[in-house]
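Report on one structure; see the data block that follows.
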Amino acid sequence: MTGRPVAIVGSGAIGVAFAVLFARAGRTAEVFDIDDAALDRGRADVEARLRLLADAGLLAEDPAVVAARIGWHTDAAAAAHDAELVQECAPERADLKREVLARFAAVAPADAVLASSTSAIQPSVLAEGLAPEVAARLVVGHPGNPPYLLPVIEVVPSPVTASPTVDRAAGIYRSVGLRPVVLRREIEGFVFNRLQGALLREAYCLVRDGIVDAADVDEVVRSGLGRRWSIIGPFETSDLNVRGGIAAHAERMGESYARMGAERGQHDPWTPELVARVAAERRAALPLEDWDARVRWRDARLMALTPLWDSAD
């Protein structure tokens, strides 16, 4: 794969993971950190991750060849001088991230996309005080961790992000094997962490209320929800769980889920209009006449992965 380099700001866990992702896909990754000791830790981490990928048969080249595509810098200008994308991976502090983004906007090419790896901070917060032409180039590019194994990445624009910036960011990520999900508007925590947070909130409550302990919650997710969600998401799960699809599932289970939510002080009912909207999307993706075949496909995929899961247990 060819293309301009990407600059990765920070050689911690997520910066290293992005470096592995881009280098594995054939791209040059220029990693910046504030001192040589941090970069040395980053190099060692890269080497360890590449060895694991190679041992698992997930690396098409020798680890040393992939590692050679990664540069290491304490000079911001050297890291970013020809970058197509600046991927900021600084600690989760808005003031620090804002400072880093401004610094790299000044030394990167004027057309470089500026992307923050933040897990929850809205891009409009990061854009505060930045020049308008810089803010227009800013998105959040929030990955699953590690991105070389979890291909989803959320692309989150602020209200002032230019549309071409969003398109370019999504295209760059797609070119290295990621599956970008572009949010229509910003929201704290984005989609990934809001879904994860909903499960964690309930998990903590179940432990607090003496229903189960932490290991039990992990077992339910690991051996149940997680196995199924590795194949299909929650909407398709509901769609395939009841003959008649997700509309029939909502009719059967909606009131029960509403009571569970009310128990936690949450009032977000599945209104007929909302269910109809989701059902229309599901029927566009899967006509009901294909429902039986898709259920068999789901089961076949679960069967194929069962030996791997059982060996991990």
Can you name the nearest heavy-atom pair linking Ala83 to Arg4, along with the distance?
O-NH2, 2.7 Å
Starting at OG of Ser175, measure out to CG of Leu85 and round the result to the nearest 0.5 Å.
9.5 Å
With no hydrogens and no angle check, is any side-chain donor or acceptor of Arg69 less than 3.5 Å from a backbone partner on Ala25?
no
Between Leu240 and Leu286, is there a side-chain heavy-atom distance shorter than 4.5 Å?
yes
How about CD on Glu133, more than 12 heavy atoms from neighbouring residues, nucleotides or ligands closer than 6.0 Å, or not?
yes
Same hydrophobic cluster for Val107 and Val31, using side-chain heavy-atom links shorter than 4.5 Å among ILVMFWY?
no
Going through the distances and angles, do Tyr173 and Gln87 end up as a side-chain contact (heavy atoms from CB on, under 4.5 Å)?
CA-CA 11 Å; Tyr173 292 138; Gln87 187 75 41; 2.6 Å; yes
Residues, nucleotides or ligands: over 12 heavy atoms within 6.0 Å of Glu99 CD:
no
Hey, can you pull the donor-acceptor pairs under 3.5 Å for the side chains in residues 134-146, sequence neighbours left out?
residue	atom	partner	partner atom	Å
Arg137	NE	Ala110	O	3.2
Arg137	NE	Ala112	O	3.0
Arg137	NH2	Pro109	O	3.1
Arg137	NH2	Ala112	O	3.2
His142	ND1	Glu154	OE1	2.7

Does the Asp33 side chain pair with the main chain of Ala38, one donor and one acceptor, at a distance under 3.5 Å?
no
Between the CD1 atom in Ile34 and the OG atom in Ser11, the distance rounded to the nearest 0.5 Å is 8.5 Å
If we only count heavy atoms from C-beta on, is the Val100 to Arg93 side-chain gap below 4.5 Å?
no
Quick one, Ile231 and Leu305 - any side-chain contact, counting heavy atoms below 4.5 Å?
yes
Are side-chain heavy atoms of Leu53 and Val20 found at a separation under 4.5 Å?
yes
May I ask you to decide whether Asp45 forms a salt bridge with Arg41, counting only side-chain N to carboxylate O separations under 4.0 Å?
no
Taking every non-hydrogen atom, the tightest pair across Thr74 and Phe32
O-CE1, 3.2 Å
Asp239 bridged to Arg283 by N-O distance under 4.0 Å
yes
So does Glu255 have more than 12 non-hydrogen atoms from other groups sitting under 6.0 Å from CD?
no
Could you go step by step and tell me if Met253 and Tyr257 meet the side-chain contact (heavy atoms from CB on, under 4.5 Å) rule?
CA-CA 6 Å; Met253 296 297 298; Tyr257 277 108; 3.9 Å; yes
With the threshold set at 4.0 Å, does a side-chain nitrogen-carboxylate oxygen contact exist between Arg227 and Asp310?
yes
Would the number of heavy atoms belonging to other residues, nucleotides or ligands and lying under 6.0 Å from CZ of Arg264 be above 12?
yes
Could you tell me whether the side chain of Phe18 reaches within less than 4.5 Å of the side chain of Ile153, counting heavy atoms only?
yes
Give the C-alpha distance, both sets of side-chain angles, the deciding distance and a yes or no for side-chain contact (heavy atoms from CB on, under 4.5 Å) between Glu88 and Leu114.
CA-CA 8 Å; Glu88 170 270 306; Leu114 306 172; over 6 Å; no
Donor-acceptor contact present, side-chain Glu186 to main-chain Ser124, <3.5 Å
yes
Closest non-hydrogen atom pair between Pro63 and Leu50, with its separation
O-CD1, 3.6 Å
Taking all heavy atoms of Phe22 and all of Ala29, pick out the closest pair and write down the distance.
CB-CB, 4.3 Å
Quick one: do Asp95 and Arg98 make a salt bridge, cutoff under 4.0 Å?
no
What distance do Arg194 atom CZ and Ile187 atom CD1 have between them, rounded to the nearest 0.5 Å?
3.5 Å
Arg184, CZ: over 12 other non-hydrogen atoms inside 6.0 angstrom:
no
Pairing donors with acceptors under 3.5 angstrom, does anything connect the side chains of Ser158 and Gln122?
no
Within 45° of the axis and under 6.0 Å from the centre of the six-membered ring of Trp297, does NZ or CZ of Arg294 qualify?
yes
Is the closest side-chain heavy-atom distance between Ile8 and Cys89 below 4.5 Å?
yes
In terms of hydrophobic clusters joined by side-chain contacts under 4.5 Å, are Ile14 and Leu39 together?
yes
Does some side-chain heavy atom of Leu21 sit less than 4.5 Å from a side-chain heavy atom of Leu178?
yes
Donor-acceptor check, side chain of Asp216 to backbone of Asp213, threshold 3.5 angstrom: yes or no?
yes
Distance, nearest 0.5 Å, that separates OG1 of Thr118 from NZ of Lys97
5.0 Å
Flag yes if more than 12 heavy atoms outside Glu251 fall under 6.0 Å of its CD atom; otherwise flag no.
no
Are the side chains of Glu30 and His81 in contact, using a 4.5 Å heavy-atom criterion?
no
Can you see which heavy atom on Ala76 is nearest to which on Phe104, and at what distance?
CB-CZ, 3.6 Å
In this structure, CD of Glu92 is separated from OG of Ser117 (nearest 0.5 Å) by 9.5 Å
Return the CZ to CD1 distance between Arg27 and Ile70, rounded to the nearest 0.5 Å.
13.5 Å
Run the side-chain contact (heavy atoms from CB on, under 4.5 Å) check on Leu59 and Arg51 step by step: do they pass?
CA-CA 9 Å; Leu59 208 58; Arg51 283 196 300 270; over 6 Å; no
Are Val125 and Val155 linked, directly or through other ILVMFWY residues, by side chains that come within less than 4.5 angstrom of each other?
no
Count I, L, V, M, F, W, Y as connected when their side-chain heavy atoms are under 4.5 Å apart, and connections chain through other members. Are Ile172 and Val182 then in the same cluster?
yes
Kindly give the heavy-atom pair with the smallest separation between Arg24 and Leu58, and that separation in Å.
NH2-O, 2.9 Å
Can Val152 be reached from Val176 by stepping across I, L, V, M, F, W or Y side chains whose heavy atoms are under 4.5 Å apart?
no
